Structure formats: structure tokens, C-alpha cells
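Order of the sequence lines sets the chain letters (A, B, ...), proteins ahead of strands, with each chain counted from 1. Because the structure is a prediction, the values reported are computed rather than measured.
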2 protein chains.
Amino acid sequence: MSTGSLSITLATLADPTRRAILAQLAQGEATVTELAEPFEISLPAVSKHPKVLERAHLITRSRDAQWRPCCLNPEPLKDLADWLEHYRQFWEHSFDRLDEYLQELQAQESQQDGKD
Amino acid sequence: MSTGSLSITLATLADPTRRAILAQLAQGEATVTELAEPFEISLPAVSKHPKVLERAHLITRSRDAQWRPCCLNPEPLKDLADWLEHYRQFWEHSFDRLDEYLQELQAQESQQDGKD
DNA sequence: AGTACATTTAACCTATTAGTTAATTAACTG
DNA sequence: CAGTTAATTAACTAATAGGTTAAATGTACT
């Protein structure tokens, strides 16, 4: 995956309204008006978000008469997850390292206890 | 984790320079000058990124004389990974579901074949 | 004290973003 | 065909981001 599309994915997901829209679409397809319902902002404001999500390939849209149902597309999320995997070791092993450190500390203290 | 900090994490990661810096820090601590080395932009421009990364808690910084070594902090990445998990089913089961759907379709057709 | 190095701050510029209201397009319905 | 509903476009605004160059700060070395 290109650096560029990862940047676009992340920038698109950075907006909480868009993440809320994605969460709603995780429950199934929805039209713009349906998506707009939970928000207090104007309809044109909401309407811009599917466009942004579509440009980032996070959703796809079809046409059903005057409705434009939106559908979640998980591929960019998978790409993001793949990128994140490179860093997993850093959060998974940090407890181990803390643990190691504490054990080391205890070992030193025990040595001192023996000495004094 | 709050919606706000996820937004900050994502917005911070959306910049490719900052992701490159994180990748560099995955190899170990580095100073601003060291971090700047691979980039063509000015030093003050680079210098702004650690500030942003620090605000997002993606790095921590210490002080060693006139150097300010940066160190990766994986917590926000873990939070992001946790958020992403909610969507994993969509990319992992998407083939399965297509498969299921096709099987369902075939089953219905078989029923109809039986009836008619 | 004076110089050199690492980093940041200040002041500025430009592009982009997310919102607004008003107007427009497109499709169905009576 | 007239009216209604769904969605978008247009024109504008305010805030923010990421870069620039020049100046300032902090620390070490001699």
C-alpha cells in the first residue's frame, strides 16, 4: 500500500463525524438522510462526509432512485491494521519489559538485603 | 479511550513525515537533528513534528544537554488498534459472507427447482 | 567570556478543512 | 405537470496545518 493512501485513510478517519458514520454503516447500508439523523449539523455539511469517505475508498455508493445508499468498504481499514502491526511489538512487549525491569530491581534489592 | 484522543492520534499519524519519524524511532531513540537527516525540509519544519507527536502522546522526550531525544510511546497506537478491531470482521469475513450469500442463493434456487 | 552546536520561537504565507445558507439537480408521486 | 423528497453544488467564512526564513534560547567547550 502506498504512503499516500495511508495518509488519506488516516486524515479521513481523523474526523469524528466520519468515524460515527462508519460505525453506523457497520450496522448496514444507509442513505445520507439516515446518516445525518444523529448529527446536529446541516444536511449539506453531512453530505460532504460520504464524498470524503468515498474518495478514501472507505465506503462505496450505489444509486436507488433519489437515494444514494452508502456501504462500508473495509479494505483501507485492513491496510491501516497491517501498517499498525509493525508497531504491535511495542505495546505488547512493554509490559514484559516493565516486568523484567521490576524483577531486576527486586533482584538488586535482594542482593543488597544480603549484603547489609 | 475518548473520541477526542483518537481523533488526535489519527490526525497526527496522517502526516507522512510524522509516520516516517515514528518508523525511525521504532529503531530506537533519536534526536531532532538525527530525525531531520532523511528529510529535505528545513530543520524548524522538522522540529515542529516532535511537538505534534508529543502532544498526541505518540512520543516522549527527555533532555540530554542540548539534545532532546525522542522515544516512541506505543499506547495511542494500541488504542487505535483496539478501535480498528471493531471492524476486523468486515475485512476478515467479507469473503466468507460472499460465500455464504452465494450458497444461500444456490439453496433458494434448489428449493425453487424442487417446487416448480 | 566567546564560540559552536542543538533546538525552538516568531512572523509570515498558502492550502485545506469543516461548517454555514441559499440555490440547484434529480427522481418519484398525485 | 406541479409538488415533494433526496442529495448536491455554490459561495462564503473561520480555523488549522505545514512550510518558509530570521532571530532567540540553552548548553557545552576552550
Side-chain angles (χ1 to χ4, degrees), chain A residues 3-25 28-73 76, chain B residues 2-25 28-72 76:
Chain A
T3 292
S5 54
L6 194 48
S7 295
I8 289 170
T9 301
L10 287 160
T12 302
L13 293 174
D15 185 286
T17 303
R18 286 194 285 267
R19 288 201 308 282
I21 287 176
L22 278 193
Q24 207 171 333
L25 291 177
E29 258 194 17
T31 66
V32 175
T33 325
E34 285 165 355
L35 290 173
E37 206 273 321
F39 303 108
E40 303 218 314
I41 59 179
S42 71
L43 196 61
V46 175
S47 171
K48 286 176 181 178
H49 290 302
K51 189 184 296 291
V52 177
L53 287 161
E54 192 179 23
R55 207 182 46 197
H57 304 113
L58 283 158
I59 67 168
T60 56
R61 318 186 66 179
S62 42
R63 181 175 270 293
D64 173 12
Q66 67 265 56
W67 293 275
R68 301 293 312 278
C70 302
C71 183
L72 183 66
N73 178 41
Chain B
S2 85
T3 291
S5 54
L6 195 48
S7 294
I8 289 170
T9 301
L10 288 161
T12 302
L13 293 173
D15 185 286
T17 303
R18 284 193 288 265
R19 288 201 308 282
I21 287 175
L22 279 193
Q24 209 171 331
L25 292 177
E29 260 195 15
T31 66
V32 174
T33 324
E34 284 165 356
L35 290 172
E37 205 274 320
F39 304 108
E40 303 218 314
I41 59 180
S42 70
L43 197 61
V46 174
S47 171
K48 287 177 183 181
H49 289 301
K51 190 184 295 292
V52 177
L53 287 161
E54 192 178 23
R55 208 181 47 197
H57 304 112
L58 282 158
I59 67 169
T60 55
R61 316 187 69 179
S62 42
R63 180 176 272 292
D64 173 12
Q66 66 264 57
W67 294 275
R68 300 292 312 279
C70 302
C71 181
L72 184 66

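Taking CG of A:Leu10 as the reference point, atom OG1 of B:Thr9 lies at 10.5 Å (rounded to 0.5 Å). Rounded to the nearest 0.5 Å, atoms CG (A:Leu22) and OG1 (A:Thr12) are 9.5 Å apart. Between atom CG of residue A:Asp64 and atom OG1 of residue A:Thr31 there is a gap of 9.5 Å, rounded to the nearest 0.5 Å.
The phosphate of D:dT20 has OP1 or OP2 within less than 4.0 Å of a side-chain N or O from B:Ser42. Applying the 4.0 Å criterion to OP1 and OP2 of D:dT8, one finds that A:Ser47 has a side-chain N or O inside that range. Contact check, A:His49 against C:dG19: a side-chain N or O comes under 4.0 Å of OP1 or OP2.
Non-hydrogen atoms lying under 4.0 Å from DNA chain D are contributed by A:Lys51, all within residues 51-59 of chain A.
At least one side-chain heavy atom of B:Leu35 sits less than 4.5 Å from a side-chain heavy atom of B:Leu25.
Computed from coordinates, the A:Glu37 CD to D:dT5 C1' distance equals 17 Å when rounded to whole Å. Taking atom CG of residue B:Leu43 and atom P of nucleotide C:dT9, one finds them 13 Å apart after rounding to whole Å. For B:Arg68 and C:dT9, the CZ to C1' distance is 14 Å, given to the nearest whole Å. Atom CZ in A:Arg61 sits about 15 Å away from atom P in D:dA6, given to the nearest Å. The distance from atom CG of B:Leu13 to atom P of D:dA17 is 14 Å, rounded to the nearest whole Å. Between B:Leu35 atom CG and C:dA6 atom P the separation is 13 Å, expressed in whole Å.
Of the possible polar contacts, one joining the A:Ser7 side chain to the B:Ala14 backbone as a donor-acceptor pair under 3.5 Å is found.
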Would B:Gln24 and B:Cys70 satisfy side-chain contact (heavy atoms from CB on, under 4.5 Å), going step by step from the backbone distance to the final call? CA-CA 10 Å; B:Gln24 209 171 331; B:Cys70 302; over 6 Å; no
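Picking from C:dT8, D:dG19, C:dA18 the nucleotide with the shortest atom distance to the side chain of A:Asp15 gives C:dA18. Nearest nucleotide to the side chain of A:Ile41, out of C:dT21, C:dG19, C:dT8: C:dG19. Among the nucleotides C:dT20, C:dA18, D:dA22, the one closest to any side-chain atom of A:Arg18 is C:dA18.
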Base-contact (B) and sugar-phosphate-only (S) positions in nucleotides 25-30 of chain D, heavy-atom cut-off under 4.0 Å, - elsewhere: -BBS--
N/O donor-acceptor pairs under 3.5 Å from side chains in residues 46-63 of chain B, not counting sequence neighbours:
residue: B:His49; atom: ND1; partner: B:Arg18; partner atom: NH1; Å: 3.1
residue: B:Arg63; atom: NH1; partner: B:Ala65; partner atom: O; Å: 3.4

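The heavy-atom pair separating A:Ile21 from A:Phe39 by the smallest distance is CG1-CE1, 3.9 Å. Annotation for B:Ala30 and B:Glu34: closest pair CA-OE1, 3.2 Å, computed over non-hydrogen atoms.
Nearest-nucleotide positions on DNA chain D place A:Pro69 closer to the 5' end than the other of A:Lys48 and A:Pro69.
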